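I have placed the structure first, in the form of structure tokens, so that the comments after it can refer back to it.
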Amino acid sequence: MDVIRLEKGQAIAKQKGIVKEWYLIQQGTVIQKMAFASVTLGQNAIIGILESDWFICDYIAGTDVMLAVIPCKNAADLKQILSAYPNYRGVFLRTAVEQRHQMLGLYVELQTRTRQFHAFVQTLYNDYQALCAKNGLEGQPFSRMEYFQRLEMEHRAEDWEVNNSNSLVKNYLKDYLLFMQRDDSLCVGAIMEASLQMRRIMQGVEEMVNYLLYNKDVLLSESGDDLFQLYFELAVRMAKRGLDVEPVKKEISFLTGFIGKLRLYDAALVSQRVGRYEAYDFTGGSEDGVETAKDIDITAEDCLGHILLFAGYAKEERDEIRARVEAYRSLPDMLSTDSKAYQIRRQLSPMFYEIYERAFFRAVEHEDDVTPIIAMFLNFGFMDVQLAGEEHAKELYDLTKHLNVFHSEHVYTIYEWLKNIYNAEKDPSKNEFDLDYPAYLLEQRKNGDLTAEQVKMMQSDRKERVHFEIKNMFQSANRITYGKITTFCPILGEYDLINSLDKMAVTAKRLEEAVNSLRRVDYSVFYREVGYSGPANDLLTHEPMMQEVLPDIILMPNAGTKAMMWQETADKRRDTPGRFLFPVFTAVDLEDMMMETVGRFRWEMCRKIQGVRWNDIREKSLTAEYCDYIQFYRKNHDLSADAKEKLKNALARAKNSYREVFVLDYENWVKYESKGSFRLNKVARDILVKYCPFAGAIRQDLKANPMYQNTIPKFELDNAKKQQRLTALYEKVRKSGGAITPQMEENLSFYER
């Protein structure tokens with residue numbers, strides 16, 4: 001087994017990274033970390049034993065560490081290792097049992113904190129209302145409590161599991177290990193059983209971590225919209241009236257003590273907020289310098305006026321815009337397709353994007369001025385309480401405090417995306433003529449619309465970059481992802497919010513789950529060939545490397561029903577992420593939307609790679625073989641009369657688009673064929689086996705089936721040859737003094753899957 005050494009603080013594996021092997025800790029310690037929750041793993045602990053496909057946590061070297069690389073990802077691999085190295089049976093089994101015990105300890109600790117958190121917040125708020133009523137004071141509005149609920153766990157550890165682990169580790173571990181080592185099947189079964197338990201336990205830990213992170217600002221937040229501020233402000237008001245503030249101070253003391261025990265909050269924030277309270281002179285009876293809690297009754301606000309003022313509109317302009325919105329609001333049926341409704345919506349669309357652009361530039365230049373109402377507009381398309389509905393407006397207001405749930409390494413709200421364009425961290429998307437921003441500027445110069453000097457200036461002009469993105473991507477994509485083009489209005493409306501927003505919200509987590517669900521079936525979907533980029537080595541100079549590049553997903557501010565693949569790559573380079581567009585709210589199944597989007601991505605990525613020969617059957621590829629299959633299906637003897645009739649109907653439904661026929665087949669491939677429910681004809685199935693292969697575990701289940709008896713073994717034989725060639729090549733690299741880089745490891749791992 002290979003051995004790797006890492007220094008303290010170095011990352012061993014990152015959350016959501018692909019599990020390619022396990023790592024046995026031979027020396028040192030490793031921190032298994034998920035946000036604020038962590039466990040320290042010591043000698044003989046195994047990294048990866050609890051995961052499947054992707055790492056659940058981050059793993060960071062707690063000290064300098066030495067790790068043995070174990071080529072193991074599943075029960076079959078484990079059985080081979082234990083057969084080859086019998087002395088590892090006891091080590092692996094003890095590790096599995098003890099790590100499970102550690103995980104259960106973390107789970108129980110977090111379960112206690114989560115339950116205490118909910119009970120404490122609920123009690124504290126009830127006490128606040130009681131204190132207000134007792135002293136004849138009106139309580140400040142705090143909408144967060146309307147949606148604050150206890151956590152309903154999806155992945156639980158039962159009490160009996162905890163008790164079983166305690167008893168086993170403390171009393172019977174030696175006997176258990178001796179018994180389970182008698183037989184490889186027993187030993188592997190016990191290890192994998194513990195692994196599955198650990199995975200479920202850590203998924204439960206993740207749920208509790210996310211719950212506490214999402215709700216922690218109910219007690220204390222940077223915005224000052226929290227229970228601490230409610231109590232502080234209540235104490236000030238009571239002092240001003242000469243009332244006894246000691247009961248309030250006592251509650252604040254409980255609150256600050258509980259905040260300390262939770263260990264969730266930034267120490268500087270706690271020090272600042274608590275220090276300000278402790279320094280306040282309640283004997284002075286003055287409210288000067290004390291802000292009240294910043295929560296507002298959103299339903300009583302003139303949100304449209306607030307947005308227009310923020311965007312810098314004069315009174316006459318505001319009145320004109322308000323009149324247009326009111327004309328839309330007063331329609332008997334806002335979804336009508338008659339000429340009057342159409343004309344009003346047609347006027348509202350350009351108006352909306354002009355307001356958006358002006359508000360956006362004000363927001364990025366003066367971020368401290370961005371209020372929750374402006375955040376609702378920029379991220380969700382909200383402009384008016386009556387149009388969105390009062391309950392939805394309240395939910396949207398609450399969501400502005402948790403915009404992080406819509407953001408991850410590859411997921412952005414439209415506002416965050418445009419900020420990346422503004423800051424030159426991302427390049428503008430292509431326009432409808434497939435021109436990127438530099439190509440568009442050059443085209444304008446050729447046409448005589450811009451001078452060379454203007455082109456040079458606009459290439460780095462931040463506002464022009466954003467203007468291009470809004471005009472060429474945002475406006476089109478917002479309408480298309482909404483799904484109903486004839487009745488589209490960019491202002492968020494109640495008629496589209498058919499469920500509670502927590503169920504409709506397209507969060508980063510839900511999107512990642514949809515992407516990962518698909519990757520478990522079509523493992524190669526986001527892989528592509530790129531050039532070798534490691535240390536100079538003649539053996540690798542021309543060696544193509546398979547690299548996974550996940551797409552960027554941009555959330556359009558609407559409640560829509562469609563997703564789309566806007567670009568297969570960010571620019572001409574293959575190693576840049578594609579761009580998928582989803583509505584920020586939807587009632588449609590996200591996995592279905594993702595499958596359809598990825599089907600189009602598969603097709604367009606192949607077209608990009610193949611270039612002008614994308615449909616030339618002499619150059620074998622997914623698109624070439626599919627085009628040949630569809631174009632000549634009537635003469636194909638491998639297709640039955642029934643299969644030909646179905647393909648004819650599919651072509652009619654797809655309006656003769658070969659791509660759309662493929663997308664329908666791809667959805668059936670992922671959704672049904674992967675589970676052994678056969679929906680495709682022989683020809684389509686053979687093409688998809690070759691170019692969209694199932695993951696190894698699925699292939700193993702299917703290859704005995706007559707439908708796959710020839711195609712899957714052939715695919716695996718081709719893969720094995722490539723793997724064998726790479727293994728030999730890498731051995732030559734080692735012998736010549738070269739290092740096996742992470743890029744090379746990923747490349748080999750691709751063919752092992």
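Since we're looking at a predicted model, the values are computed, not measured.
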Point to revise | Under-4.0 Å salt bridge between Asp302 and Arg322 | key: yes

Check your understanding: Taking side chain as C-beta onward, heavy atoms only, is Ile414 less than 4.5 Å from Asn379?
Key -> no

Point to revise | Glu365 bridged to Lys463 by N-O distance under 4.0 Å | key: yes

Point to revise | Six-ring centre of Tyr482, Lys484 cation under 6.0 angstrom, axis tolerance 45° | key: yes

Point to revise | Pair Arg510 + Glu513, salt bridge at N-O below 4.0 Å | key: no

For residues 253-262, which side-chain N or O atoms pair as donor and acceptor with protein atoms under 3.5 Å away, sequence neighbours left out?
residue: Thr256; atom: OG1; partner: Ile252; partner atom: O; Å: 3.1
residue: Thr256; atom: OG1; partner: Ser253; partner atom: O; Å: 3.1

Check your understanding: Is Gln122 close to Met145 at the side-chain level, that is, under 4.5 Å between some pair of heavy atoms?
Key -> yes

**Study point:** Residues forming a side chain to side chain donor-acceptor pair (under 3.5 Å) with Thr481, sequence neighbours excluded
**Key:** Asn558

**Study point:** More than 12 heavy atoms of other groups within 6.0 Å of Arg115 CZ
**Key:** no

Review point. Side-chain contact, heavy-atom cut-off 4.5 Å: Phe352 with Cys489?
Key: no

Point to revise | Student check: side-chain heavy atoms of Phe488 and Arg345 closer than 4.5 Å | key: no

Exercise for review: Decide side-chain hydrogen bond (donor to acceptor under 3.5 Å, both in side chains) for Ser500 and Asp502; before the verdict, give the C-alpha distance in whole Å, the side-chain angles of both, and the deciding distance to 0.1 Å.
Suggested key: CA-CA 6 Å; Ser500 63; Asp502 65 320; 2.5 Å; yes

Point to revise | Chi angles and distances behind the ring pair (Phe, Tyr, Trp, His ring centres under 6.0 Å) call for His118, Phe148 | key: CA-CA 8 Å; His118 176 266; Phe148 179 72; 5.2 Å; yes

Check your understanding: Do you see a donor-acceptor pair shorter than 3.5 Å between the side chains of Thr299 and Asp297?
Key -> yes

